[in-house]
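Single-structure report; data block below.
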Amino acid sequence: MLNIHLKLLLVAVMLTPAVLSCKTAKRTQRVGVETAAVVSSTPEYKANMSPQAKRLLKDLEAEDLYRQPFVPSAGFLDKYGLQVSGDICFVRGMIRTTEKFDRAAAEQLGVILSPPAGRIIPVSVPVQQLPTLLQQEGIEYFEMSGGAVPAGKQSIQNR
């Protein structure tokens with residue numbers, strides 16, 4: 001009889017921390033729901049994009065994207081294989097579109113659209129307009145073409 005009481009006492013002692021941790025977790029969970037949402041300064045893009053395009057957008061913030069005229073550093077041109085024509089810096093890529101894609105709105109941003117192959121359209125986008133383009137309806141995905149240029153070989157034309 002004493003042996004049974006010891007076993008019950010031992011089981012109760014062992015279960016107590018587990019019961020208390022469940023109650024604490026629930027309390028923490030409730031507090032988490034009541035806290036305010038964090039506001040992000042990063043724009044919300046409607047289009048998904050390749051990892052390289054995500055890195056480009058992140059790095060554009062450090063390059064003072066809205067400076068007029070936008071002149072990226074030589075290292076930036078090398079890293080992303082950008083093209084410069086006159087005073088406009090372009091990123092080449094492809095977009096996958098839906099029926100909601102507004103070709104005229106993209107062209108108003110200075111985007112050069114090549115003939116489509118189904119829903120895929122090769123594009124040259126002024127780097128300053130890339131964030132705006134990727135916020136438009138009708139673009140499902142953006143992928144940069146070409147990739148990085150080997151070190152020391154800048155992709156500068158007409159300079």
Side-chain angles (χ1 to χ4, degrees), residues 20-159:
L20 290 176
S21 68
C22 288
K23 288 183 180 180
T24 305
K26 288 178 186 174
R27 194 174 311 123
T28 304
Q29 193 175 18
R30 265 187 262 122
V31 170
V33 170
E34 294 170 0
T35 57
V38 177
V39 178
S40 172
S41 63
T42 306
E44 195 169 309
Y45 299 107
K46 294 187 187 299
N48 290 318
M49 62 196 89
S50 66
Q52 185 181 16
K54 289 177 184 177
R55 283 191 300 276
L56 170 64
L57 287 169
K58 184 178 178 188
D59 288 350
L60 280 173
E61 294 173 11
E63 285 285 321
D64 192 15
L65 178 62
Y66 298 104
R67 177 181 65 226
Q68 294 295 331
F70 174 67
V71 182
S73 64
F76 194 79
L77 291 170
D78 283 343
K79 183 175 181 179
Y80 292 105
L82 303 178
Q83 302 289 316
V84 177
S85 179
D87 62 350
I88 301 175
C89 184
F90 288 92
V91 59
R92 292 173 299 129
M94 294 177 281
I95 56 174
R96 184 175 64 220
T97 62
T98 68
E99 62 279 346
K100 293 181 181 180
F101 177 65
D102 186 350
R103 190 176 182 94
E107 289 173 339
Q108 282 183 330
L109 295 173
V111 177
I112 300 168
L113 301 162
S114 296
R119 295 180 14 202
I120 307 296
I121 303 174
V123 295
S124 289
V125 183
V127 172
Q128 288 181 297
Q129 298 300 330
L130 184 60
T132 305
L133 178 70
L134 296 178
Q135 292 173 15
Q136 289 188 352
E137 289 279 332
I139 300 176
E140 288 182 329
Y141 189 78
F142 172 72
E143 183 165 330
M144 292 174 56
S145 320
V149 175
K153 300 211 181 214
Q154 292 185 10
S155 297
I156 299 178
Q157 297 176 348
N158 302 328
R159 242 192 180 193

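Given the structure is predicted, the values throughout are model-derived calculations rather than measurements. Reckoned from all heavy atoms, side chains included, excluding hydrogens, waters and symmetry mates.
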### Query
So how far is it from Glu99 CD to Glu137 CD, rounded to the nearest 0.5 Å?
10.5 Å

### Query
Is there a side-chain contact between Leu109 and Pro126 (heavy atoms, below 4.5 Å)?
no

### Query
Shortest non-hydrogen contact from Ala53 to Phe142?
CB-CD2, 3.7 Å

### Query
When you measure from the side chain of Thr97 to the backbone N and O of Arg119, does any donor-acceptor pair fall under 3.5 Å?
yes

### Message
Taking the side chain as everything from C-beta on, heavy atoms only, tell me whether Arg92 gets closer than 4.5 Å to Phe90.
### Response
no

### Summary
What one should report as the nearest heavy-atom pair of Pro115 and Pro122 is O-CD, 3.7 Å

### Task
Find the distance between CZ (Arg55) and OG (Ser50) and round it off to the nearest 0.5 Å.
7.5 Å

### Query
Considering residues at least two apart in sequence or located in another chain, which fulfil the side chain to side chain contact (heavy atoms under 4.5 Å, CB included) criterion with Asp102?
Ala104, Ala105

### Message
Applying the side-chain contact (heavy atoms from CB on, under 4.5 Å) criterion to Met49, which one of Ile95, Leu57, Leu56 satisfies it?
### Response
Leu57

### Query
Taking the side chain as C-beta and beyond, is there a heavy-atom pair between Val125 and Leu134 under 4.5 Å?
no

### Query
Roughly how far, to the nearest 0.5 Å, is CG of Asn48 from NZ of Lys54?
7.0 Å

### Sole residue of Ile112, Ile139, Val111 in side-chain contact (heavy atoms from CB on, under 4.5 Å) with Val123
Val111

### Query
Do Tyr80 and Val91 come close enough that some side-chain heavy atom pair is under 4.5 Å?
no

### Query
Are any of the side-chain heavy atoms of Leu113 and Phe101 separated by less than 4.5 Å?
yes

